[in-house]
Amino acid sequence: MKKLSSLVLAVLLALALAGCGGEPPATTPAPLPDPPAGEQAAGAESADAAGASRTWSKEEVLELFEASREKSWEAAACVPFYDQASGLAGAVLFQNGDTGTACVAFLGADGSCRMGGTDAQLASEPALEYLGDGAVSFKTVGEDGDARDHRMSITIEDVNVTFKSVDEPVK
């Protein structure tokens with residue numbers, strides 16, 4: 001009976017570790033850069049918890065982007081922030097050279113990278129700004145050549161990632 005219980009427990013543990021029944025994540029986490037020496041976790045605090053709640057620099061957010069970047073993506077602007085609800089460390093606005101469109105890479109403190117895009121082209125001075133609650137704004141150029149204000153937000157609930165994108169004429 002002990003052998004049967006042990007075997008059942010081992011099988012259940014193997015299935016739990018394999019992640020059976022769930023969908024694979026949308027992106028593979030990139031390796032995290034080491035935090036500055038003054039910000040390393042101390043005591044019982046885990047490295048993940050320290051990385052998730054600290055303020056990231058532009059350079060560190062760009063390093064996260066570079067780990068996921070395709071050759072045709074050209075970074076235009078970067079804004080670090082900490083979004084506790086979604087575990088985001090910052091966002092990078094970039095131009096996709098293959099499609100000529102503007103995209104935003106939302107980068108997680110865990111190294112994840114989730115991207116949303118728009119059909120618009122970036123303005124020469126895109127002015128990326130973090131608005132809070134997983135939302136950023138930036139300037140684009142519409143098909144008519146007029147400047148536009150673009151707002152993109154991300155919502156992360158478990159494995160579900162949703163982007164919302166709104167484009168309006170500059171006022």
- request: State whether the side chain of Asp158 and the backbone N or O of Asn160 hold a donor-acceptor pair below 3.5 Å, judged by distance alone.
  value: no
task: Would you name the heavy atoms of Val61 and Ala91 that are closest together and state the gap between them?
output: CG1-N, 4.1 Å
Thr118 side, atom OG1; Met152 side, atom CE - distance, nearest 0.5 Å: 6.0 Å
message: Just by distance, no angles: are the side chains of Ser112 and Arg114 close enough, under 3.5 Å, to form a donor-acceptor pair?
response: yes
field: Spatial distance of atom CG (Asp133) from atom CD (Gln84) [nearest 0.5 Å]
entry: 11.5 Å
query: Among Trp73, Phe106, Phe138, whose ring pair (Phe, Tyr, Trp, His ring centres under 6.0 Å) with Phe94 holds?
result: Trp73
field: Side chain proximity check, Asp146 to Val170, heavy atoms < 4.5 angstrom
entry: no
query: Can you name the closest pair of heavy atoms from Ala135 and Arg151 and give their distance?
result: CB-NH2, 3.7 Å
- line: Interatomic distance, CD@Glu66 vs CG@Leu107, rounded to 0.5 Å, equals 10.5 Å
Sequence-distant partners of Arg69, side-chain hydrogen bond (donor to acceptor under 3.5 Å, both in side chains), two or more places apart: none
field: Val136 side chain reached by Val104 side chain, heavy atoms, under 4.5 Å
entry: yes
- request: Supply the atom-to-atom distance Leu122 CG to Asn96 CG, rounded to the nearest 0.5 angstrom.
  value: 10.5 Å
Greater than 12 external heavy atoms within 6.0 Å of Glu74's CD: no
- line: Looking only at heavy atoms, the pair that brings Lys58 and Cys78 closest together is CE-O, 3.5 Å
message: Could you tell me if the side chain of Met115 sits less than 4.5 Å from the side chain of Cys103, heavy atoms only?
response: no
- request: Starting at NZ of Lys139, measure out to NE2 of His150 and round the result to the nearest 0.5 Å.
  value: 12.0 Å
message: Please give me the minimum heavy-atom distance between Ser86 and Ile156, naming the atom from each residue.
response: CB-CD1, 3.8 Å
- request: Would you mind reporting whether Glu129 and Leu131 have side-chain heavy atoms less than 4.5 Å apart?
  value: yes
field: Expected output: side-chain Asp83 to main-chain Gly134 donor-acceptor under 3.5 Å
entry: yes
- prompt: Distance-only, no hydrogens or angles: does the Gln121 side chain make a donor-acceptor pair with backbone N or O of Thr140 under 3.5 Å?
  reply: no
message: Heavy-atom count check: over 12 atoms from other residues, nucleotides or ligands less than 6.0 Å from Asp119 CG?
response: no
- prompt: How long is the gap from OG on Ser72 to CD on Gln95, to the nearest 0.5 Å?
  reply: 10.5 Å
query: Considering only heavy atoms from C-beta outward, does the side chain of Trp56 approach that of Leu64 to under 4.5 Å?
result: yes
task: Indicate, with yes or no, if Leu93 and Val141 share a hydrophobic cluster defined by side-chain heavy-atom contacts under 4.5 Å among Ile, Leu, Val, Met, Phe, Trp and Tyr.
output: no
